[in-house]
Amino acid sequence: MVVEEDGLKNICKMSHNKFLNNVEDAVQYLFSLPDEEGTTGINISLEPPDDGAESDADDPSEDIVDIGEENVNLLGARILAKPPHIELTNRNSCHEPCSSWSLPVIVPEDQECNTHKETKLQTEPPKKKQKKHKPTYTWEECETEQCDGTAFSGQQVHKPSVLNSWSDEGLTPVDVFKVFWDEEIMGMIREETNRYHQVKFGKELSVRFDELHQVFGIFLLSGYNSVPNRRLFWSRQADTRCLAVIQSGMGLNRFEDIVRSLHFVDNSKKPTEDRIFKVRPLFEHFNKKFMNLAQPLPVTWAIDEAMEPYYGRHGLKQFIRGKPVRFGYKFWCLCSTEGLLISFKLYEGKETGYEEGLTIGESVVETLSKGTVPKGSNGYIDNYFTTLPLLESFRKADINLTGTIRKDKVRDVPLLLNMKKKERGYAEMYRDNDKNIAVCQWNDNSDVKVATNKTDTVSLAMGKCKRWSKKKKEVVCLPQPVIIQQYNKGMGGVDLFDQLRGKYRVAFRKRAWYFPLFRFLLNATIVNGWLMYRIIHKVTQLDFLREIVNVLLKPSEKPSRFVPLKTPDCVRYDRTDHNIVMGETQRRCGVCKKNVKPKCTKCDVALHVQCWVKYHTKE
C-alpha cells in the first residue's frame with residue numbers, strides 16, 4: 001500500500017524507533033509528521049503468509065479507516081500468519097533508501113511479544129536452477145570407404161555353457177521347465193498361497209506341489225487350446241471337452257480355489273514404498289535365474305520395451321499408441337539377438353528407480369547393462385535411449401553401443417536438414433576423434449540417423465543393400481553404411497522375444513492386478529527354455545510347449561482316502577452306549593445315503609434322527 005504525502009522531511013535521515021500496535025496507529029503517526037517542501041513516498045509492505053500456510057481466518061475482510069480526506073484500506077485483524085513489516089522510503093531522494101524497520105502490528109493471542117527490536121526486511125532473490133553441463137563436441141566429416149562383402153561378418157550364435165550339462169543329462173522339456181520353476185520358488189508359492197487362503201477364508205487349502213504343477217499346466221494349455229470360458233475345460237460335451245484336464249484329476253472347484261488364493265508374498269510384510277511388492281520375489285528370482293542360465297553372456301545384445309496386456313485399473317498401466325499391445329504393463333528388456341531374455345525391469349513411473357541427473361532412457365540402459373554385459377560387446381538401442389553422453393560413458397566402459405538418435409539430440413552436428421533433395425542411398429558421417437563418437441545420416445525412404453561409439457574402419461565403411469525401385473520397377477542395389485547393417489541385424493532381439501511370447505500367451509485372466517506380471521514370467525520361461533533346448537534338439541515351440549503340458553497334467557498319485565471299517569453286528573445291535581453327537585463335517589447317512597452331520601459315537605456312522613432306530617435294529 002502506498003500513501004502519498006507532501007511535506008515529509010528527508011525520510012532517509014529520519015530515525016523511527018516508535019513501536020505501534022496496529023496499522024491504523026502507524027498511518028496516524030505518519031500523517032502527524034511535520035510538512036516540508038518536496039514530495040516523498042511511503043511504502044507500507046504487509047508480508048503475506050508463506051505459500052501453503054494456514055492463516056487464522058478462512059476469508060480476508062476489510063476495514064475502512066477514515067483519516068482526514070483519505071480512505072486507507074486496511075487488512076482485518078488475525079488474517080496474516082505472521083506479523084507484517086513496514087518499510088519507509090524516499091522515492092524522490094537521490095540517496096539510498098532508508099533502512100527498513102518492523103512493526104509488530106498484529107500479534108496472535110497465543111503469543112506474547114516480550115521484546116521489541118528492530119529487524120531488517122530480508123528479501124533473498126530466488127535461487128536459479130543450475131543448468132546441466134552440456135558437453136561440447138568437435139565434429140569432423142569422415143570419408144567413407146567402400147566395404148567388400150567379406151569385411152562384415154554376421155552375428156555369432158549365442159550358446160550358453162549350461163547346455164552341455166543338459167545334453168549329458170538328457171533333460172526333457174518338462175525338466176527344463178522345472179529348472180526355471182525349481183523347488184525353491186514353488187515352495188515359496190505353495191507356502192504363501194496356503195497362508196493367504198487361511199487368512200482370507202479362515203480354513204486350510206493344503207495345496208500340494210503336484211497340484212501347483214497341474215494349475216500351471218492348465219494355464220499353459222490355454223495358450224494354444226482356447227475356449228470361450230475356462231469352465232469349458234471341464235465340460236464333458238463332445239464339442240468342448242478336454243481330456244487332458246478331465247483326466248488330470250484336478251476338479252474345477254479345486255482349481256478355482258487355488259487360482260483365487262494364488263500368492264507370492266506375505267501381505268503382512270508389505271513395504272511402504274514398493275508398488276509391486278506382490279511379485280517382487282518372483283522378479284528377483286527370475287532376474288537372477290535368467291542371468292545365470294545365459295552365462296557366458298552374449299557379445300551382441302539389445303535393449304527395448306515389451307508390453308504385457310492388462311485392461312484393468314492400476315497406476316502402472318501404460319498406453320502406447322501404435323503398438324500391437326497398446327494397454328498394459330511396460331517392461332524394459334535386455335535380450336540377445338536370438339530373443340533370449342537376460343534381464344528385465346518393470347517401468348514403475350518417472351521418479352522410481354532411476355538415477356538422478358540422467359534421462360529415463362539413459363538410466364535404463366545403465367541399470368540393465370553396465371556391470372552385466374561383457375567388455376567389448378556390441379549393444380543396440382533405439383532413439384528413446386540414445387544420447388551422445390550415454391555413448392561417451394559406454395566408450396569409457398569399453399562397451400560398443402549403437403542406436404538411432406533423434407534430431408533434437410544432434411543439433412550441433414552439421415548434418416543436412418533436408419535429405420529429400422539427395423538421391424536415395426546418399427549418406428554422410430561425422431566423427432569426434434577425441435571422444436570416439438560418430439553420427440551417420442542415410443537417406444532411404446526417409447532420413448535415418450544413427451549414433452555410435454564404434455569408430456573402427458569397418459563400422460564406418462559403406463556397404464550395399466537391395467531396395468525396390470518404383471521408378472525402374474525392379475530391385476536395385478544402393479549404398480548403405482555398414483553401421484546401419486549391423487544395427488538392423490542386432491536390434492531385433494527384444495521384438496523377437498515379444499513375438500515368441502505372444503504366440504502362445506496364456507489366455508487366462510484374473511481380476512488381480514499382479515496376475516499379468518506373473519503371466520509375463522510364465523510365458524518368458526517357456527520362450528527362454530525353448531530357445532536354449534532347440535540348440536540341443538530340433539523341436540518347434542508348440543511341440544516343446546505341448547510336451548510340458550502333457551506331463552504337468554498327468555494324474556497325480558493322490559493320498560488314499562480314509563475308509564472306515566464296517567461296524568460289526570455285535571456292536572451295531574447291542575443297544576448299549578450308542579450316543580448321537582454333531583459331527584464336524586457332513587457325511588453320507590448309513591441308511592438313506594444323504595448328507596448329514598449327526599453321527600453315532602460308538603459306530604462312527606453318520607445318521608439322520610429318523611434313520612437312527614432303523615440302523616440299530618436287526619431285521
Side-chain angles (χ1 to χ4, degrees), residues 180 216 218-230 259 262 264 275-276 278-280 282-283 286-287 290 301-350 352-353 360-361 364-365 367-368 380-385 403-404 488 491-531 541-542 544-545:
F180 292 96
F216 283 19
I218 296 174
F219 284 159
L220 296 174
L221 175 65
S222 67
Y224 63 88
N225 186 5
S226 59
V227 290
N229 188 338
R230 66 186 182 190
V259 173
L262 192 63
F264 317 104
R275 303 181 68 181
I276 57 169
K278 289 274 192 179
V279 290
R280 182 66 68 184
L282 292 181
F283 280 21
F286 284 103
N287 258 320
F290 293 157
W301 47 270
I303 293 178
D304 204 352
E305 60 188 16
M307 292 288 290
E308 178 64 26
Y310 175 62
Y311 302 98
R313 296 183 179 181
H314 194 266
L316 298 182
K317 187 179 75 171
Q318 300 293 310
F319 168 74
I320 302 180
R321 190 183 304 277
K323 292 287 185 178
V325 179
R326 295 183 299 163
F327 296 92
Y329 295 108
K330 181 166 66 174
F331 287 86
W332 309 116
C333 299
L334 171 65
C335 295
S336 67
T337 54
E338 295 83 13
L340 184 69
L341 180 62
I342 301 172
S343 181
F344 64 92
K345 176 181 175 61
L346 178 68
Y347 176 70
E348 302 179 40
K350 293 183 178 180
T352 306
I360 294 179
V364 168
V365 178
T367 303
L368 292 181
Y380 298 93
I381 54 180
D382 65 8
N383 57 21
Y384 180 82
F385 307 95
T404 55
N488 291 336
M491 182 56 195
V494 180
D495 293 334
L496 180 59
F497 164 75
D498 221 11
Q499 178 186 359
L500 296 174
R501 184 172 55 88
K503 198 172 183 179
Y504 304 110
R505 179 183 286 118
V506 173
F508 271 79
R509 296 170 64 180
K510 188 181 175 184
R511 185 170 295 180
W513 62 268
Y514 56 87
F515 185 77
L517 303 179
F518 159 75
R519 184 178 59 198
F520 171 85
L521 297 175
L522 185 59
N523 292 318
T525 55
I526 296 297
V527 172
N528 275 15
W530 173 68
L531 289 174
Q541 183 182 359
L542 180 59
F544 178 83
L545 178 59

Roughly how far apart are [X] [atom1] and [Y] [atom2], rounded to 0.5 Å?
| X | Y | atom1 | atom2 | result |
| --- | --- | --- | --- | --- |
| Leu334 | Lys345 | CG | NZ | 13.5 Å |
| Ile320 | Met307 | CD1 | CE | 4.5 Å |
| Met491 | Trp301 | CE | CH2 | 10.0 Å |
| Leu496 | Leu340 | CG | CG | 10.5 Å |
| Leu521 | Phe283 | CG | CZ | 5.5 Å |

Plane angle bin for Phe219 and Phe518 - parallel if under 30°, tilted between 30 and 60°, otherwise perpendicular: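 Perpendicular.
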Parallel, tilted or perpendicular: ring planes of Phe319 versus Phe327, cut at 30 and 60 degrees: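 Plane angle between 30° and 60°, so tilted.
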Audit row: Ile360, Tyr384, side chain to side chain contact (heavy atoms under 4.5 Å, CB included) steps and yes/no: CA-CA 9 Å; Ile360 294 179; Tyr384 180 82; 3.7 Å; yes
Can you name the closest pair of heavy atoms from [X] and [Y] and give their distance?
| X | Y | answer |
| --- | --- | --- |
| Ile276 | Trp513 | CA-CH2, 3.8 Å |
| Arg519 | Phe508 | NH1-O, 3.3 Å |
| Leu346 | Lys330 | CD1-O, 3.3 Å |
| Tyr514 | Leu262 | OH-O, 3.3 Å |
| Pro516 | Pro309 | CB-O, 3.9 Å |
| Gly339 | Phe497 | O-CB, 3.3 Å |

Heavy atoms of other groups near Arg280 CZ, more than 12 under 6.0 Å: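 Correct, the count exceeds 12.
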Looking at [Y], is its backbone amide N or carbonyl O close enough to the side chain of [X] to form a donor-acceptor pair, meaning the two atoms are under 3.5 Å apart?
| X | Y | value |
| --- | --- | --- |
| Asn528 | Leu341 | yes |
| Gln541 | Leu500 | yes |
| Asn383 | Gly403 | no |

ring-ring contact (aromatic ring centres under 6.0 Å, His included) between Phe515 and Tyr310, intermediate numbers included: CA-CA 9 Å; Phe515 185 77; Tyr310 175 62; over 10 Å; no
Ring centers of Phe520, Phe331 separated by less than 6.0 Å: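 Judged by ring-centre distance (under 6.0 Å), Phe520 and Phe331 do meet the cut-off.
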Residues in salt bridge (charged side-chain N to carboxylate O under 4.0 Å, His left out) contact with Arg501, at least two apart in sequence or another chain: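 Arg501: salt bridge (charged side-chain N to carboxylate O under 4.0 Å, His left out) contacts with Glu308, Asp498.
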Side chain to side chain contact (heavy atoms under 4.5 Å, CB included) between Tyr347 and Val364, intermediate numbers included: CA-CA 9 Å; Tyr347 176 70; Val364 168; over 6 Å; no
pair Asp304-Tyr380: side-chain heavy atoms closer than 4.5 Å: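 Side chain of Asp304 against side chain of Tyr380, heavy atoms only: no contact under 4.5 Å found.
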pair Phe290-Thr525: side-chain heavy atoms closer than 4.5 Å: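 Yes; the side chains approach each other to less than 4.5 Å.
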Pairs flagged by side chain to side chain donor-acceptor pair (under 3.5 Å) wherever residues 314-326 is involved - sequence neighbours left out: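 Every side chain to side chain donor-acceptor pair (under 3.5 Å) pair that includes a residue of residues 314-326, provided the two are not neighbours, is Glu305-Lys323.
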Side chain to side chain contact (heavy atoms under 4.5 Å, CB included) between Phe385 and Trp332, worked out: CA-CA 11 Å; Phe385 307 95; Trp332 309 116; 3.7 Å; yes
